[in-house]
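See structure below.
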Amino acid sequence: MGNNLDALTTIFTEFYYWVTVVFMFLIHVGFCVYEVAASRRRNHAHTLMKNIMVIPLVTVTFFFFGWWIYFSFPNGPYIYQGMGIDYEAASFARPWDPSMGTNLGDHITGVFWAAFLLFSWTAASIVSGAVMERIRSGGFWVLAVVIGSFAWIIDASWGWHWDGWMVKMLGYHDAYASGVIHAIAGGFALGVLLVLGPRLGKFRDDGTPRDIPPHNPWLVTLGLFLIYTGFWGFYAACNVPIIAPEVIDGEITGVTWTATNIYLAPTTLSAITFNFLMSLSGGLMAAYLVSKGDPFWTFSGGLAGIICASAGNDLYHPIQSMFIGAFGAWAAFKLHYWVERKFKIDDAVGAVAVHGYAGFIGLVICGFMLWGQPSSPYAGYAAINPLGMFIGAIIMFGVLGFLPGWIVAKILHAFGMLRIPRKVELEGLDFESSEAYDNAVAEIIAAEQALVQTK
Amino acid sequence: MSTNGMTSWAVDLADIGAVYPFQGTEFVLFILGLVFWIGWHILQFRTEKTEVDHEMHSDESGESAKDIIGRY
């Protein structure tokens, strides 16, 4: 910290990210509530534990190598001008570097690391809901580390980094992560689901799908409400809150300080507040109509609305954002049921549609809406364009999402580590612990009753 | 060509105002937004009417209604 203004800016930025992390915790709370509520009673404990253990497993692996990947891989390696892994830029992110610990010379790394880490949890948690009630917890946790500490952070390094090759070469723009979190997680979930297969009883003998209603629809909507709340923190965490033009070191002239997106291009908290709420509203309104007032799909549609508009929500007009949100929600609903009928995919919570399809579509729309605008404040970067955004969407959903999910699921399946046996699925994942619980309850009741003295 | 007129950030931010795309269409967007909002109400009324009409023709004996009331 060179002077008092630098010190205040650093401490403000440190506190800003810290607050976003606390808000983003609610995303995981929401996912846990929502997923348990969507599962059936005989699977509650395993469903909850499957998702909660994402927190420690992704956290430690993100500390060990995920954070380092982000700063090492912006050039591919070897995709942009033959440049390899950037060891020098990433040296401070090595888990043994002094920056990765209590250090009075570095006030930012820990909170910045945590902001990215919370995105990692989200990516893994999105997959968790889709595969519930038939996946082995151990298999899922391997998949969670692959998406949370490896696949998503590579995509962030490529397309959500001021120096990422996708930004430089494709003009990729994804300010609030339509692709880098949602499309990749949706694609990953789809890859896993193809190998995992549907829950028993999901499809009739003629191949038509049965509805498997959540055991508690109201708790599902509460979970989604919590996810909305955490999403506010997510949006704020995607911005740099305040920065001087000379620090950006790009082409911006003058002395006006600004907030920026992750690419260090100017935006405002005002813009993203308008657009978050308008895209949420467009999504809710469209989803209400298309689902005929179904609470689960109306709430999910609100989320799909935000996700679809997120790529360009730093720059859209609020009414544009509302229409994009409405289209995203409508498309997610229609595509979910079409894919379910056509390909017999059992996505238990609609995660592939709400995150994957809405995110993919949002990227494509962004390419047209922001066509020709600069993707970066630095010179020589490709402008935002439809083809670059379409290729980016394929990379996010297909190359870094679907493929790793499918490949790792295939490997787990080959070793019998992916799906629980039919008997266990039917009696419920919690069968043994429920039996132990019932026995403990019966024993303590009998013991206490025996202690009651009678005259 | 750029949908917000900017092709580079080589500018002084003090001189920059709105940066959303397709500036000049705000009033048209506003009208379209109004149409979306009013249209939503019309479609919602129709959907709700269909639902209520359907419920009016179901459970003519009243047994299901008694059961639901009993469950509180």
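Chain letters run A, B, ... following the sequence lines, proteins first, then strands; residues in each count from 1.
Within 6.0 Å of the CZ atom in A:Phe225, the count of heavy atoms belonging to other residues, nucleotides or ligands does not exceed 12. Sparse packing is recorded around CZ of A:Phe390, with 12 or fewer heavy atoms of other residues, nucleotides or ligands lying under 6.0 Å away. Crowding of B:His54 atom NE2: a count of heavy atoms from other residues, nucleotides or ligands under 6.0 Å not exceeding 12. In B:Met56, the CE atom is not crowded: 12 or fewer heavy atoms of neighbouring residues, nucleotides or ligands sit closer than 6.0 Å. In A:Trp165, the CH2 atom is crowded: over 12 heavy atoms of neighbouring residues, nucleotides or ligands sit closer than 6.0 Å. More than 12 heavy atoms of other residues, nucleotides or ligands sit less than 6.0 Å from atom CH2 of A:Trp257.
Chosen from A:Pro377, A:Ser375, A:Gly372, the residue pairing most often with chain B at heavy-atom distances under 4.5 Å is A:Gly372. Put simply, of A:Leu315, A:Asn385, A:Leu370, the one with the most heavy-atom pairs under 4.5 Å next to chain B is A:Leu315.
Of the atoms belonging to B:Val19, heavy atoms from both backbone and side chain fall under 4.5 Å from chain A. Contacts between B:Ser8 and chain A at a heavy-atom distance below 4.5 Å involve backbone atoms as well as side-chain atoms. Residue B:Ile16 does not touch chain A at all, counting heavy-atom pairs closer than 4.5 Å.
Considering CG of B:Asp15 and OG1 of A:Thr253, their distance stands at 7.5 Å, rounded to 0.5 Å. Taken to the nearest 0.5 Å, the OH atom of B:Tyr20 stands 12.5 Å off from the CD atom of A:Gln373.
Considering only heavy atoms from C-beta on, B:Thr3 stays 4.5 Å or farther from A:Met369 through its side chain. Residues A:Ile252 and B:Leu13 form a side-chain contact, since some pair of their non-hydrogen atoms from C-beta on lies under 4.5 Å apart. In this structure the side chain of B:Glu51 never reaches within 4.5 angstrom of the side chain of A:Lys292, judged on heavy atoms.
At a heavy-atom cut-off of under 4.5 Å, chain B is reached by A:Ala265, A:Pro266, A:Gly282, A:Met285, A:Tyr288 from residues 264-288 of chain A, listed in order of number.
A distance-only check finds a donor-acceptor pair linking the side chain of A:Gln320 to the backbone of B:Pro21 [under 3.5 Å].
Smallest separation of non-hydrogen atoms from A:Phe368 and B:Phe22: O-CZ, 4.4 Å. The two residues A:Leu289 and B:Gln44 come nearest to each other via the heavy atoms CD2-N, 3.8 Å.
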